[in-house]
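A quick write-up on the structure given underneath.
Here is how names work: the chains are called A, B, and so on, in the same order as the sequence lines, proteins then strands, and each is numbered from 1. Here the structure is a predicted model, which is why all the values come from computation and not from measurement.
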Protein chains: 2
Amino acid sequence: MPAAKTELFTDEQIRIAELAKVLGHPARIAILMHLFKINSCVCGDIVEEIPLAQSTISQHLKALKDVGIIQGEVEGTKTCYCINPKVWQEMKGVLGQFFGTFNGCC
Amino acid sequence: MPAAKTELFTDEQIRIAELAKVLGHPARIAILMHLFKINSCVCGDIVEEIPLAQSTISQHLKALKDVGIIQGEVEGTKTCYCINPKVWQEMKGVLGQFFGTFNGCC
DNA sequence: AATATTAATCGTATTTTTACGATGAATTTA
DNA sequence: TAAATTCATCGTAAAAATACGATTAATATT
C-alpha cells in the first residue's frame with residue numbers, strides 16, 4: 001500500500017479503524033476469548049491454547065498491546081497479560097456508538 | 001502470511017474477525033459514515049466524498065459488499081449502495097456480544 | 001556458576017492489502 | 001449511432017500482515 005494517507009481521514013475514523021483492525025484476526029479473538037474465559041490474566045499458557053508458534057503469538061500479543069486493549073506485566077520469568085479496562089471501555093463506546101449510528105433507512 | 005490456518009479457529013472466531021477486519025480501514029469507516037449521514041443509499045457521489053482514486057474506492061466497496069454489510073444495486077449508469085440491515089444487525093449482535101463478554105476482572 | 005524456563009525480538013519468506021492508472025462494460029444522452 | 005457517464009475489473013507496484021525458526025535477554029532453579 002503506497003503511503004498511508006492518514007491525513008485524509010478524521011481522528012475518529014482512524015481510531016475506529018485501528019481498534020477494529022486489531023480485532024480482525026481469529027488468533028487475536030481467540031486470545032481475548034481465552035482471557036474472558038479464565039476471567040483473569042493469562043500468565044504464560046497462551047501458547048498451549050492456540051496452535052501457533054510462540055513467536056507468532058507474541059506478535060499478536062504485541063498488536064493487542066500496541067493498540068492498548070491488553071497490558072503486560074513481567075512476573076519473574078513469565079509475563080501476565082490482562083485486559084486494559086479503560087481501553088476496553090473506550091472500544092465498547094467508540095464501536096458501540098458507531099454501530100448505533102445506523103438505525104435502518106431503506 | 002503463509003497459508004491461512006482457518007481450521008484452527010472456531011466459526012465464531014472467524015466471523016468476528018472477518019466482520020471486524022472489514023471495519024479496519026479508515027476509508028471504509030468513512031464510506032459507512034457517509035451512508036449514515038445521508039441516511040439513505042449512496043448513488044454515485046462517494047468518490048467526491050473520499051479523497052481516493054475511483055478504483056480504490058470501488059475496491060473498498062467490494063470489501064464491504066463481500067462481507068455483506070452493504071449491498072449494491074445498478075440504477076442506470078449509477079450504482080446505489082445501501083447498508084444491508086440484516087448483516088448490520090448481525091454485526092451489532094456478534095460484536096456487541098463479544099464486547100459484553102468482558103466485565104472487568106483484575 | 002551453570003542450566004533451564006519464558007517470552008521478546010530478529011531475520012526472512014509468503015500472502016494479503018492497499019493504491020493507482022488504464023481499460024472495459026453498461027447505460028444514458030446528444 | 002456517437003459521445004459521455006459511471007462504475008467494475010485488470011494489471012501492477014509498494015507496503016503491511018502473518019508465520020516461522022533462531023536467537024537473545026531476563027529470571028529462576030539447580
Between C1' of dA19(C) and CD1 of Ile31(B), the distance in whole Å: 13 Å

Whole-Å gap separating P (dC20(C)) and CD1 (Ile57(B)): 9 Å

Interatomic distance, Leu52(A) CG vs dG21(D) P [rounded to whole Å]: 11 Å

Minimum-distance nucleotide (side-chain atoms of Lys21(A) versus dA22(C), dA7(C), dA16(D)): dA16(D)

Sugar-phosphate only, base, or nothing, as touched by Thr79(B) at under 4.0 Å among non-hydrogen atoms: sugar-phosphate

With Glu73(A) via side chain to side chain contact (heavy atoms under 4.5 Å, CB included) - residues at least two apart: Glu75(A)

Whether His25(A) and His60(A) hold their rings parallel, tilted or perpendicular, with breakpoints at 30° and 60°: tilted

Rounded distance (Å) that lies between atom P of dT18(C) and atom CD1 of Ile29(B): 12 Å

Heavy-atom pair of closest approach, residues Lys92(B) and Phe102(A): NZ-O, 4.1 Å

Beyond-backbone contact of Phe98(A) with Leu32(B), side-chain heavy atoms, under 4.5 angstrom: yes

Whole-Å gap separating P (dG21(C)) and CD (Gln54(B)): 11 Å

Among dA19(C), dC20(C), dA8(C), the nucleotide that comes nearest once only the side chain of His25(B) is considered: dA19(C)

Option passing side-chain contact (heavy atoms from CB on, under 4.5 Å) with His34(A) (candidates Ile29(A), Asp45(A), Ile50(A)): Asp45(A)

Residue list, side-chain hydrogen bond (donor to acceptor under 3.5 Å, both in side chains) with Glu18(A), at least two apart or on another chain: Arg15(A)

Cysteine SG atoms at Cys80(A) and Cys41(A) closer than 2.5 Å: no

For Lys62(B), salt bridge (charged side-chain N to carboxylate O under 4.0 Å, His left out) partners two or more places apart: Asp66(B)

Nearest-Å distance for atom pair CG/P, residues Asp45(A) and dT5(C): 17 Å

Interface residues of residues 58-66 of chain B with DNA chain C (non-hydrogen, below 4.0 angstrom): Gln59(B), His60(B)

Those residues that, when tested against Lys65(A), pass side-chain hydrogen bond (donor to acceptor under 3.5 Å, both in side chains) (two or more places apart): none

Integer-rounded Å distance: dA26(C) C1' and Lys78(B) NZ: 15 Å

Where protein sits on nucleotides 24-30 of chain D, one letter per nucleotide: B base, S sugar-phosphate only, - none, heavy atoms under 4.0 Å: ---SS--

Glu73(A) CD to dA7(C) P, straight-line distance once rounded to whole Å: 14 Å

